[in-house]
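Worksheet for the structure shown next.
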Amino acid sequence: MLYNSTRDSSIKVSSAEAITRGISAEGGLFVPESIPEITLDEIKTLGTKSYADKAAYVFSKFLTDFTEAEIHYCADNAYSTKNFESESIAEISHLFDGTYMLELWHGPTCAFKDMALQILPYFLTTSAKKINLDKKIVILVATSGDTGKAALEGFKDVEGTQILVFYPEQGVSPMQKRQMKTQEGENVGVCALKGNFDDCQTGVKTIFTDENIKKMLDDNGMMFSSANSINWGRLVPQIVYYISSYAELVKDEEIALGDKINIVVPTGNFGNILAAYYAKHMGVPVNKLICASNINNVLTDFINTGVYDRNRKFYATCSPSMDILISSNLERLLYLMTGRNDAVISDWFAKLSAEGRYEVTEDIKAKLNEEFYGGFCDDEQTKATISEIYKKYSYTCDTHTAVAVKVYEDYKKETGDTTKTVIASTASPYKFSASVLEALDGTASDLDEYAMVDKLYELSNLAIPSALADLKNKPERFNDSIEKDTMKEYVLNDLGI
């Protein structure tokens, strides 16, 4: 299995090269040259295996230059109870008849990003050895809240790496900010940006593709790689949990082998739902992929109209990890839908960069509507949904998951579709205690972060993750805040160049 660039199909690299580079030199994203098949019988068999073994089986179809021993080394070390507070790794909770919460937040940072970022360091260091790379790997990360902490935790003190995370100063929750500011590790760095997530992401991509900066790193025995979902090593682990959840539902006799399911994903950068798309096209029986957005509904509009337009007001919401107007993983989807037409992709994304918008063809619009449903809700509806779920089912969910539930309810009302449905639950409610408490008791809280956690525990009786409880007494290490046009200088200074 080789990998092409979305902006130059002539490029063909191994998975080890794709993972190590993170992004192609001309700015394209790496995608596998074909989508491997998984049969229903294979899926059924996976239902009897551990999560690590399921993951290794899926990885073997994509990472064909890795040996079986290398794949198991990565999967076994990442997906164990030393990293996750659940033996299942990804829990499935039955919310109500025919609707299932796929809880992806039982890892060390209490967000779905752990599912990929616990294994990415193993992928990256193994890849570097495979291609005889003798440089220090510098990981640059833009985060809207969850990726940053998960990447920091995954890469802390990993030999041969250094990681620097940028986050929007006013665009993450207090708990997310504290998670990053208190991060341990000798090879880690964190910096706030006076801007939004898109400013962070654009800045990181610009630095990645700057030839002068790359030469400066090379002269100093360094090279860039990425822990964002632009890196294929981040995306392929996310495919696993959709295949795994289907296998588990078959094993538990919740569905029959071959029955279709819907998958609902709250997403801003499109990576998490793109992983579900890959799972579907590998062979998982999926009826509809339901893309849930908050009021920053650029994806909803795109799915419904075929016009991608980031020239709009940016909102800071109670679901901050989705406060994104440039959804980078959409490029991978469109590359596949256009039949791997790199010229078209290059044209569209050049227009996005220069003009802030592009429009796809009627053919692509039809394909989008066949595969996806797009919907959104605002903060008021998000909090009302948290309250409703709590009252009806004694289940407490975070703000991002609530967006997914509300959009799914709208989808059912609009379509009458009663297909059994898996909802990706992406974060612990304790990461967004203020908003969840306001939803549950109707008042905004003036308590400090940890008093809110304690109060939320009293209401929900949901166990407080030890990773969040332990933050209370940790000292803050990182308090830098910079303007967005000084990112380049900050990175070089941080690296001692």
Side-chain angles (χ1 to χ4, degrees), residues 81-96 99-115 145-146 148-150 153 172-184 266 317-322 379-380 382-406 423-476:
T81 51
K82 78 178 192 292
N83 298 326
F84 290 83
E85 294 187 349
S86 164
E87 288 188 7
S88 301
I89 309 301
E91 290 276 359
I92 297 178
S93 292
H94 297 200
L95 184 60
F96 47 84
T99 305
Y100 308 92
M101 287 291 200
L102 176 57
E103 294 179 354
L104 302 170
W105 41 265
H106 294 286
T109 74
C110 307
F112 80 101
K113 304 296 176 71
D114 290 324
M115 302 297 292
D146 288 333
K149 173 59 181 178
E153 192 65 26
V172 300
S173 78
M175 185 63 81
Q176 288 173 315
K177 187 177 291 189
R178 181 154 182 80
Q179 282 185 303
M180 289 185 281
K181 284 187 169 188
T182 60
Q183 177 63 47
E184 298 170 342
T317 74
C318 67
S319 48
S321 296
M322 296 192 291
D379 279 2
E380 184 178 346
T382 300
K383 292 173 184 176
T385 301
I386 293 172
S387 177
E388 181 182 345
I389 294 170
Y390 177 75
K391 289 174 182 175
K392 282 187 176 180
Y393 309 110
S394 299
Y395 187 90
T396 308
C397 71
D398 87 297
T399 48
H400 304 74
T401 306
V403 168
V405 173
K406 177 64 171 73
I423 298 174
S425 178
T426 55
S428 165
Y430 287 109
K431 293 193 76 168
F432 307 95
S433 297
S435 296
V436 175
L437 276 175
E438 184 178 347
L440 296 183
D441 69 11
T443 58
S445 178
D446 58 359
L447 301 172
D448 68 34
E449 189 66 23
Y450 289 94
M452 285 191 283
V453 166
D454 291 339
K455 185 175 180 182
L456 183 54
Y457 173 74
E458 291 174 10
L459 286 173
S460 68
N461 205 33
L462 179 69
I464 302 171
S466 57
L468 297 184
D470 293 346
L471 287 177
K472 186 174 184 178
N473 297 314
K474 284 188 177 182
E476 290 189 357

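- Counting heavy atoms from C-beta on, the side chains of M175 and L471 come closer than 4.5 Å.
- The existence of a salt bridge linking E388 and K406 is excluded, since no basic side-chain nitrogen approaches an acidic carboxylate oxygen closer than 4.0 Å.
- Of all heavy-atom pairs spanning W105 and T426, the tightest one is CD1-C, 4.0 Å.
- For K474, the NZ atom is densely surrounded, since the number of other residues' heavy atoms within 6.0 Å is greater than 12.
- Listed for the E85 side chain is a donor-acceptor partner under 3.5 Å among the backbone atoms of S466.
- Atom-to-atom distance recorded for Q179:CD and D470:CG is 11.5 Å, nearest 0.5 angstrom.
- When all heavy atoms of S460 and T396 are compared, the pair lying nearest together is CB-OG1, 3.2 Å.
- Here OG1 of T382 is found 7.0 Å from CE of M322. Values are rounded to the nearest 0.5 Å.
- Between the side chains of S86 and E91, at least one donor-acceptor pair of N or O atoms lies under 3.5 Å.
- Within a 6.0 Å sphere centred on CD of E476, heavy atoms belonging to other residues, nucleotides or ligands number more than 12.
- The CG atom of L95 sits 13.0 Å away from atom CG of L102, with the distance rounded to the nearest 0.5 Å.
- Between the S173 side chain and the K431 main chain, a donor and an acceptor come within less than 3.5 Å of each other.
- Distance check, rounded to the nearest 0.5 Å: CD of Q183 to OG1 of T109 gives 9.5 Å.
- We find the CG-CG distance between D454 and L447 to be 9.5 Å, quoted to the nearest 0.5 Å.
- L104 approaches M115 most closely through the heavy-atom pair O-CG, 3.8 Å.
- Judged by distance alone, the side chain of Y395 and the main-chain N or O of S93 form no donor-acceptor pair under 3.5 Å.
- Within the 4.5 Å cutoff, no side-chain heavy atoms of T401 are placed close to those of E103.
- Side-chain contact of K149 with Q176: a donor-acceptor pair under 3.5 Å is absent, judged by distance alone.
- Inspection of the T399 and S319 side chains reveals no N or O donor paired with an N or O acceptor under 3.5 Å.
- Using a distance-only test at 3.5 Å, with no hydrogens or angles considered, a donor-acceptor pair links the side chain of D379 to the main chain of C318.
- A heavy-atom distance below 4.5 Å is not found between the side chains of H106 and P465.
- Classification of the H94-Y100 ring pair by plane angle, with boundaries at 30° and 60°, yields perpendicular.
- Within a 6.0 Å sphere centred on NZ of K82, other residues, nucleotides and ligands contribute more than 12 heavy atoms.
- Minimum interatomic distance between F432 and S321 (heavy atoms only, all atoms of both residues): CZ-OG, 4.5 Å.
- In this structure, L456 and S433 approach most closely via the heavy-atom pair CD2-OG, 4.1 Å.
- The OG atom of S428 sits 6.0 Å away from the CG atom of L462 when rounded to the nearest 0.5 Å.
- When side chains are defined from C-beta on, C397 counts as touching I386, because their heavy atoms get closer than 4.5 Å.
- Between A404 and I423, the shortest heavy-atom distance links the atoms CB-CG2, 3.7 Å.
- Side-chain contact check for L459 versus Y390: some heavy-atom pair is nearer than 4.5 Å.
- In this structure a side-chain-to-backbone donor-acceptor pair under 3.5 Å is missing from R178 to L468.
- Y430 places none of its side-chain heavy atoms less than 4.5 Å from the side chain of C110.
- Formation of a donor-acceptor pair under 3.5 Å by the D114 side chain with backbone atoms of A150 is not found in this model.
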